[in-house]
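Quick note on labels: first sequence line is chain A, next is B, and so on, each numbered from 1.
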Number of protein chains: 2
Amino acid sequence: MGTTQLETVPEPKYWHLKNVIGEALDSEFSIGEILPNERDLAARFGVARATLRQALEQLELEGRLQRRRGVGTTVAPPRMGVAVGSPRQNWPGNDDDWRTVDCMQTLAPVAVARLLDQDPARTVHLVRRSRVSGGQPVAAELLYVTESAVPELSGIDAPAGPARARAVLRELHRLDLEGEDRSVELASARADDAKELDRLPGAPVLLVTTRYFAQGRTAAVSMATYRADTCRLTFGDTGDVEIHHGAERQAQAS
Amino acid sequence: MGTTQLETVPEPKYWHLKNVIGEALDSEFSIGEILPNERDLAARFGVARATLRQALEQLELEGRLQRRRGVGTTVAPPRMGVAVGSPRQNWPGNDDDWRTVDCMQTLAPVAVARLLDQDPARTVHLVRRSRVSGGQPVAAELLYVTESAVPELSGIDAPAGPARARAVLRELHRLDLEGEDRSVELASARADDAKELDRLPGAPVLLVTTRYFAQGRTAAVSMATYRADTCRLTFGDTGDVEIHHGAERQAQAS
DNA sequence: GAGTGGTCTAGACCACGCG
DNA sequence: GCGTGGTCTAGACCACTCG
């Protein structure tokens with residue numbers, strides 16, 4: 001990465017900087033390599049640190065850099081493809097790479113109650129799961145299950161921990177899944193999700209909301225929060241993929 | 001929106017600010033209403049403008065605010081649900097809300113050539129389309145079509161404009177679509193896409209990459225860039241949706 | 001304790017939209 | 001021309017990680 005002077009064009013400096021550094025990442029750095037620290041980089045490019053940071057933020061958003069406080073900035077590996085709802089990915093049974101955390105009985109937020117098409121005053125089972133892929137935490141999920149979908153659990157009072165969560169998932173799995181309904185949007189990580197995903201609060205995430213239908217009703221709603229910097233969500237019945245990576249930058253470059 | 005003092009906790013000011021303003025948006029503002037300008041707001045909350053801006057940026061990322069240079073900051077309407085690939089949404093025929101822009105013959109970027117499983121030295125048809133929903137531009141698409149998928153066009157030399165684009169789509173539509181393959185990831189808008197989407201370069205977008213299979217091969221690849229601030233991508237065969245909105249904030253609030 | 005990224009400040013000027 | 005948000009600066013201090 002040279003000490004190149006920025007041009008004097010009307011384009012923002014941070015935009016140039018982002019492109020210059022982005023190209024340097026492709027040609028002069030390898031995955032996992034650590035960059036010089038922000039103060040040095042800023043001095044080298046002759047800009048204020050805040051400006052340099054604006055460029056790095058963009059590159060991090062695009063999944064090309066990873067920054068950790070107290071450690072440094074490293075070159076990120078290509079985003080990993082994470083399968084979302086191809087062959088009933090999340091419907092229990094395939095505990096693939098989901099780790100069941102715990103379970104409690106609570107009131108669903110009104111927005112979730114609406115998705116469940118249920119009275120907000122009725123309690124639901126709330127199962128928390130987290131998904132790990134390639135050794136990295138990639139998603140935190142809140143799974144809201146209506147009590148009517150898993151009636152056998154009404155009497156059970158297992159401790160509100162993993163055991164109970166597994167019981168709920170087991171009962172849920174007994175149902176015939178009739179369909180699902182999904183949406184994806186950009187959000188920022190809530191404090192607790194951020195912690196679980198090893199990010200700072202407010203980090204960009206992809207919020208995947210799924211409704212599961214069974215017995216002619218909405219049986220459960222999942223709100224899964226995926227790290228936007230490290231994940232590429234994949235859909236589709238052909239479960240191969242993993243072609244598309246790294247070099248896609250050239251298709252998307254300015 | 002009061003002149004509330006920020007607490008003296010170790011949480012970042014901009015995070016508090018974001019929450020405070022976010023709550024004010026729900027309770028004291030209506031959609032489309034304009035907020036006081038940044039300098040006033042910063043003074044009112046007793047913070048530097050940069051700090052206030054950090055909070056507003058987050059809210060904009062979450063689709064709750066809309067900021068336009070030279071105009072001001074307004075309260076954004078709830079994100080619109082945009083159907084992505086339920087009943088062959090993009091496969092020609094349904095010109096739904098897609099507007100065909102133009103078409104040219106060019107070399108595909110190597111990443112796209114790889115997705116097409118084709119020699120990067122072979123040219124492709126590149127159709128540009130843009131999608132409008134609710135009067136707003138929501139997506140810009142680059143559709144790469146292999147020449148072998150639409151052989152009838154080899155001899156044609158219509159002017160490289162909309163007419164030619166429509167011809168390509170027409171031929172493409174003749175094929176039997178055998179399957180598709182989709183991925184969604186966060187990206188930042190390239191300069192030209194940004195312009196088309198009425199955003200600044202680098203604005204956060206959802207990049208939807210789709211491979212279309214026909215005749216046992218990959219016939220086309222679409223790279224569609226959706227505004228992340230205004231769109232919620234919806235999937236699934238039950239094409240209703242539009243329940244889930246606004247109030248979901250309570251499900252996602254810190 | 002040294003070094004990193006994260007937050008925050010108080011200014012300045014620029015680019016754009018609109019009357 | 002005025003007011004808006006967008007960019008940029010040069011500093012300061014904080015929170016975290018690690019040797």
Side-chain angles (χ1 to χ4, degrees), chain A residues 5-19 21 33-61 65-76 188-189 191 194-195 198-204 229, chain B residues 5-19 21 33-61 65-76 188-189 191 194-195 198-204 229:
Chain A
Q5 282 300 336
L6 271 3
E7 303 170 25
T8 67
V9 290
E11 266 185 337
K13 277 188 188 176
Y14 76 86
W15 184 257
H16 271 300
L17 217 42
K18 181 207 132 194
N19 292 148
I21 298 175
E33 198 171 346
I34 66 178
L35 268 62
N37 72 49
E38 298 183 346
R39 291 161 180 88
D40 283 356
L41 279 178
R44 215 185 287 200
F45 286 107
V47 299
R49 190 177 157 220
T51 306
L52 186 269
R53 277 180 61 80
Q54 229 178 322
L56 295 187
E57 262 150 37
Q58 281 254 4
L59 289 166
E60 191 179 28
L61 198 79
L65 288 180
Q66 190 160 358
R67 298 147 91 200
R68 273 172 307 172
R69 163 149 53 178
V71 180
T73 302
T74 59
V75 180
S188 49
K195 193 177 172 189
D198 193 24
R199 301 259 61 198
L200 293 173
D229 54 343
Chain B
Q5 281 302 333
L6 273 0
E7 303 170 25
T8 66
V9 289
E11 265 185 338
K13 277 189 187 175
Y14 76 86
W15 183 256
H16 271 300
L17 216 42
K18 182 209 131 191
N19 292 147
I21 297 176
E33 197 171 345
I34 65 178
L35 266 61
N37 72 50
E38 297 183 347
R39 291 162 180 87
D40 283 356
L41 279 179
R44 215 184 288 198
F45 286 107
V47 299
R49 191 178 156 218
T51 305
L52 185 271
R53 277 179 60 79
Q54 228 178 320
L56 296 187
E57 262 150 38
Q58 282 252 5
L59 289 166
E60 191 180 29
L61 198 80
L65 289 180
Q66 189 159 358
R67 297 147 92 199
R68 273 171 306 172
R69 164 148 55 177
V71 179
T73 301
T74 58
V75 180
S188 49
K195 193 177 172 188
D198 193 23
R199 301 259 61 197
L200 293 173
D229 55 343

Which nucleotide, [options], lies nearest any side-chain atom of [X]?
| X | options | result |
| --- | --- | --- |
| A:A48 | D:dA10, D:dG5, C:dG6 | D:dA10 |
| A:Q54 | C:dT9, D:dT7, D:dA12 | D:dT7 |
| A:N37 | D:dT9, D:dG6, C:dG5 | C:dG5 |

DNA chain D: 5'-proximal contact among B:E60 and A:A50 (nearest heavy atom):
B:E60

On DNA chain D, check which nucleotide each of A:V71 and B:T73 is closest to and give me the residue with the more 5' one.
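Closer to the 5' end of DNA chain D: B:T73.
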
Does the base of C:dG3 carry an N or O that pairs as donor and acceptor with the side chain of A:R39 under 3.5 Å?
no

[X] [atom1] to [N] [atom2], straight-line distance once rounded to whole Å:
| X | N | atom1 | atom2 | value |
| --- | --- | --- | --- | --- |
| A:W15 | D:dC8 | CH2 | C1' | 18 Å |
| B:L52 | C:dT9 | CG | P | 10 Å |
| B:R49 | C:dC14 | CZ | C1' | 11 Å |
| B:E11 | D:dC14 | CD | P | 18 Å |
| A:L56 | C:dT7 | CG | P | 14 Å |
| B:D40 | D:dC2 | CG | P | 18 Å |
| A:R69 | D:dC16 | CZ | C1' | 6 Å |
| B:R53 | D:dT7 | CZ | C1' | 8 Å |

A:L17 side, atom CG; A:Q58 side, atom CD - distance, nearest 0.5 Å
11.0 Å

In Å and rounded to the nearest 0.5 Å, what is the CD to CZ distance from B:Q66 to B:R199?
6.5 Å

Mind checking B:R68 for me? I need base, sugar-phosphate or nothing, with any heavy atom below 4.0 Å counting as a touch.
sugar-phosphate

Which part of the nucleic acid, if any, lies within reach of B:L200 when heavy atoms closer than 4.0 Å are counted: base, sugar-phosphate only, or nothing?
sugar-phosphate

Quickly, which of B:V47, B:L52, B:L56, B:T51 forms a side chain to side chain contact (heavy atoms under 4.5 Å, CB included) with B:Y14? Name it, please.
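Per the side chain to side chain contact (heavy atoms under 4.5 Å, CB included) rule, the option paired with B:Y14 is B:T51, out of B:V47, B:L52, B:L56, B:T51.
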
Which heavy atom in A:K18 sits nearest to a heavy atom in B:S188, and how many Å separate them?
NZ-OG, 3.9 Å

Which pair of heavy atoms, one from A:P201 and one from A:A191, lies closest together, and at what distance?
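Heavy-atom minimum between the residues: CB-CA, 4.3 Å.
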
[N], OP1 or OP2 - any side-chain N/O from [X] closer than 4.0 Å?
| X | N | result |
| --- | --- | --- |
| A:R67 | C:dG6 | yes |
| A:Y14 | D:dT7 | yes |
| A:T51 | D:dT9 | yes |

